[in-house]
Amino acid sequence: MTTGEKIAMLRKRKNITQEQLAEILGVSRQSVSRWEVDQAFPETEKLIRLAGLFSCSIDFLLSEVLEGKRQAEEGLSADACAAFIRDCGCFFLATSVAECPRLRPLGMIFSDGELLYIVTDRRKSVCSDLKRNARVELASYNSVTGKWIRISGHAQEDDSCVSHELALSSYPSLGQKYVGEQGAFLAIYRIHMEAAEVY
């Protein structure tokens, strides 16, 4: 996801029009429009104000610019991994606590362009497993292509507004399931990939 795409997504999630965002930042509506289609780039001061307005980091807004080259050098990007798994329909998450392996099917995964995220319910045992041992492996099989993906790394809970917005935009049904007090049970984990391969 590009910086412009992130600005557009976060603006829409806050129900702000391009005109309103332009007024807040003291720029023209055309400037905001050019940012969102990646024809222009916000100045540093505007990036700082955007990060504050959207409750996200500047790194998040710039991650494709800063991380794109590194991801290409390292192999499979988070976006490519998420797309592969979503095409499969579900994936298996392997955890290990006290040398006892556990394997469970999960279905919700997305990427912010830099990291993978998985979604689960805080009441499930996977959350307590990840608190005790953050090491994980994910695997998924595409029956059409006959290929597997295998990812290893560690999981870290992410309770930020940005991760919740990305989860809700990736899976709108979450907004219906986790409303009001139920929202406290929505658990999102960043997966810091150490290795990923398709075979």
Quick one: does any side-chain atom of [X] pair with a main-chain N or O of [Y] as donor and acceptor, under 3.5 Å?
X    : Y    : answer
Q182 : V179 : no
T120 : A187 : no
R190 : D158 : no
K46  : L25  : yes

Identify every side-chain donor-acceptor pair in residues 192-199 under 3.5 Å, counting partners at least two apart or on other chains, and give the distances.
from : atom 1 : to   : atom 2 : distance (Å)
H192 : NE2    : Q156 : OE1    : 3.0
E194 : OE1    : R135 : NH1    : 2.7
E194 : OE1    : R135 : NH2    : 3.2
E194 : OE2    : R135 : NH1    : 2.9
E194 : OE2    : H154 : ND1    : 3.4

R122 and E157 ion-paired at < 4.0 Å: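 Looking at R122 and E157, the cut-off is met.
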With rounding to the nearest 0.5 angstrom, report the [atom1] to [atom2] distance, [X] to [Y].
X    : Y    : atom1 : atom2 : result
K124 : L130 : NZ    : CG    : 12.5 Å
L168 : C161 : CG    : SG    : 11.0 Å
I191 : E137 : CD1   : CD    : 11.5 Å
E5   : L61  : CD    : CG    : 13.0 Å
D38  : K6   : CG    : NZ    : 10.5 Å
W35  : Q30  : CH2   : CD    : 12.0 Å

Test side chain to side chain contact (heavy atoms under 4.5 Å, CB included) applied to F41 and T3, step by step: CA-CA 8 Å; F41 200 78; T3 297; 3.9 Å; yes
Option passing side-chain contact (heavy atoms from CB on, under 4.5 Å) with L21 (candidates L50, L10, V27):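 Of the listed residues L50, L10, V27, the side-chain contact (heavy atoms from CB on, under 4.5 Å) partner of L21 is L50.
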Flag if over 12 foreign heavy atoms under 6.0 Å of CD, Q20: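 It does: Q20 CD has more than 12 such atoms within range.
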Flag if over 12 foreign heavy atoms under 6.0 Å of CD, E23: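 No, because the 6.0 Å sphere around CD of E23 holds 12 heavy atoms or fewer from other groups.
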Stepwise side chain to side chain contact (heavy atoms under 4.5 Å, CB included) test for I118 and I188: CA-CA 6 Å; I118 61 171; I188 301 171; over 6 Å; no
In a table with atom names and distances, give each donor-acceptor pair under 3.5 Å that connects a side chain of residues 81-99 to protein atoms at least two apart or in another chain.
from : atom 1 : to   : atom 2 : distance (Å)
R86  : NH2    : S170 : O      : 3.3
T95  : OG1    : R104 : NH1    : 3.1
T95  : OG1    : D129 : OD2    : 3.4

So do [Y] and [X] actually touch side chain to side chain, heavy atoms under 4.5 Å?
X    : Y    : result
P42  : I7   : yes
N142 : I149 : no
L166 : M9   : yes
V162 : F54  : no

Side chain to side chain contact (heavy atoms under 4.5 Å, CB included) between E165 and S169, worked out: CA-CA 6 Å; E165 288 174 1; S169 66; over 6 Å; no
Shortest non-hydrogen contact between I24 and R49, atoms and distance: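 The pair with the smallest heavy-atom distance is O-NH2, 2.6 Å.
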Contact summary for S163 and Y117, nearest pair of heavy atoms: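 Of all heavy-atom pairs spanning S163 and Y117, the closest is CB-CE2, 4.0 Å.
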CA sep, side-chain torsions, deciding dist, call: S31, R34, side chain to side chain contact (heavy atoms under 4.5 Å, CB included): CA-CA 5 Å; S31 291; R34 287 196 308 270; 3.6 Å; yes
Pairs involving residues 163-191, ordered by first then second residue, that meet ring pair (Phe, Tyr, Trp, His ring centres under 6.0 Å) (sequence neighbours left out):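 Qualifying pairs, neighbours excluded: none.
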Verify same cluster id: V32, I48 (apolar side-chain graph, 4.5 Å):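 Yes, it is one cluster - the side chains of V32 and I48 are joined through contacts under 4.5 Å.
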Mutual orientation of the aromatic rings belonging to W148 and Y141 [parallel < 30°, tilted 30-60°, perpendicular > 60°]: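 Tilted: the ring planes of W148 and Y141 meet at 30° to 60°.
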